[in-house]
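This report concerns only the one structure given below.
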2 protein chains.
Amino acid sequence: MELYVRNTTELANLLRDYGITATLQRVEIAGILLSKKQHLSAEQVMGKVNQGRSIVSKATVYNTLRLFAKKGLVKEVIADPTKIFYEPKTESHHHFYNVDTGELTDFNADLKMTDIIPDAPKGMMVKGVDVTIRVGAA
Amino acid sequence: MELYVRNTTELANLLRDYGITATLQRVEIAGILLSKKQHLSAEQVMGKVNQGRSIVSKATVYNTLRLFAKKGLVKEVIADPTKIFYEPKTESHHHFYNVDTGELTDFNADLKMTDIIPDAPKGMMVKGVDVTIRVGAA
DNA sequence: TATTTGTTTAGACTGTCTCTAAATAGATAT
DNA sequence: ATATCTATTTAGAGACAGTCTAAACAAATA
């Protein structure tokens, strides 16, 4: 599964690999978000996908990002209390969150966080571990 | 600094210890949130503080919780993408977040997370480390 | 061609949270 | 005490991310 894809057919195949029907709008959105390591909010995707022309509606942007996250193609980052960020799902990494600017930056998890976390409550399954390091002006 | 305080004068003193001017409204809110280990949203605090009668306005609830967090008396929990939760600031612990129900539960950090995290970016200071374990129906 | 199923859409709507400008309360000076 | 200044609270308007609805559209199948 190749991330950071640009080509339309490759993108369509990638979507199918994740069980997502490829449509024009979905390919457009995937093309933007998966082009490189980045964290984009729904409104940022909205802006980039509709540069000038209007291709994808707001509802579709929100629905599509949610769908991508549910299918495991992208990851939601919950760190900014005002909005969700989306990022390509790459190797295990976590985030610095700058509380002054709202900026997100990655750091690699050399030590697997899963090694040090407790078991999930009975009947529950661990869906993921998110580590956020809040940073700010010293 | 005694958390889980109920008594009004103790609460007022606690607020002063944290550099917060004690007012009727602030003491009411502190009394609710600091009474025990719990995670409350602003709207939940709003509901509890105004049982029947109306004592504290919405604006004051939001402003006060933000003030408490800034002064270090309570902690903001960013895990639910739709709202902020507030909790008494106790020993280092982290959270299970049930993605199906939105429920938060604590787990103790026997291993200090600060031991395994990388340095903050240049000129930045680490304000805190939050670990959220997303769980859901198996 | 008709039917079914899935996707997209504009725009209304919701819920959390913030802002504003006025009223109130508390503290300080005279 | 009384006047003055500063901090706090307030109702209500407003901002903004995100969701919902019901209709239009597209694609696949009968």
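Only this structure's heavy atoms are used, side chains among them; waters, hydrogens and symmetry mates stay out. Numbers restart at 1 for each chain; the letters A, B, ... are given by sequence-line order, proteins then strands.
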key: Straight-line distance of B:D17 CG to B:E10 CD, nearest 0.5 Å   = 11.0 Å

key: Rounded distance (nearest 0.5 Å) linking atom CG of B:L11 with atom CZ of B:R26   = 14.0 Å

Least distance between heavy atoms, B:G31 atom then B:S35 atom = O-CB, 3.4 Å

request  = Nearest whole angstrom, please: distance from the P of C:dG15 to the CE of B:M46.
outcome  = 15 Å

message = Nearest 0.5 angstrom please: B:K89 NZ to B:K71 NZ, how far?
response = 12.5 Å

Salt bridge flag under 4.0 Å for residues A:D100 and A:R134 = no

key: Between C1' of C:dT16 and CZ of B:F85, the distance in whole Å   = 12 Å

query = Whole-Å distance between C:dG15 P and B:E43 CD?
reply = 10 Å

task = For the pair B:F107 and B:H94, name the ring-plane relationship: parallel under 30°, tilted 30 to 60°, perpendicular over 60°.
result = tilted

request  = To the nearest 0.5 Å, tell me how far A:T64 OG1 sits from A:I29 CD1.
outcome  = 4.0 Å

key: Axis bend over the full length of the helix from C:dT1-D:dA30 to C:dT30-D:dA1, computed from five pairs that close each end, to 10 degrees   = 10°

key: Neighbour count above 12 (heavy atom, 6.0 Å) for A:K127 NZ   = yes

Bounds of contact between DNA chain D and chain B, in 5' to 3' order, using a heavy-atom cut-off under 4.0 Å = D:dT8 to D:dA11

ask   = Within this structure, what is the CZ-to-C1' distance between A:F68 and C:dT7, rounded to whole angstrom?
value = 13 Å

ask   = Touch check for A:T21, heavy atoms < 4.0 angstrom, all strands: base, sugar-phosphate only, or nothing?
value = sugar-phosphate

request  = Mind checking A:T82 for me? I need base, sugar-phosphate or nothing, with any heavy atom below 4.0 Å counting as a touch.
outcome  = sugar-phosphate

message = From CD1 of A:I78 over to P of C:dT16, roughly how many Å is that when rounded to an integer?
response = 16 Å

query = Just by modelled atom types, is the A:Q25 backbone N or O under 3.5 Å from a matching donor or acceptor in the A:E28 side chain?
reply = no

query = Would you find a donor on one side and an acceptor on the other, under 3.5 Å apart, between the side chain of A:N50 and the backbone of A:I55?
reply = yes

When you compare the protein's N or O atoms with those of nucleotides 8-13 of chain C, which come within less than 3.5 Å of each other, and at what distance?
unit_1	atom_1	unit_2	atom_2	d
C:dT8	OP1	A:T23	OG1	2.5
C:dT8	OP1	A:Q25	OE1	3.2
C:dT8	O3'	A:Q25	NE2	2.9
C:dT9	OP1	A:I55	O	2.9
C:dT9	OP2	A:S57	N	3.0
C:dT9	OP2	A:S57	OG	3.2
C:dT9	OP2	A:T60	OG1	2.9

Under 3.5 Å side-chain donor-acceptor pair for A:E87 and A:H93 = yes

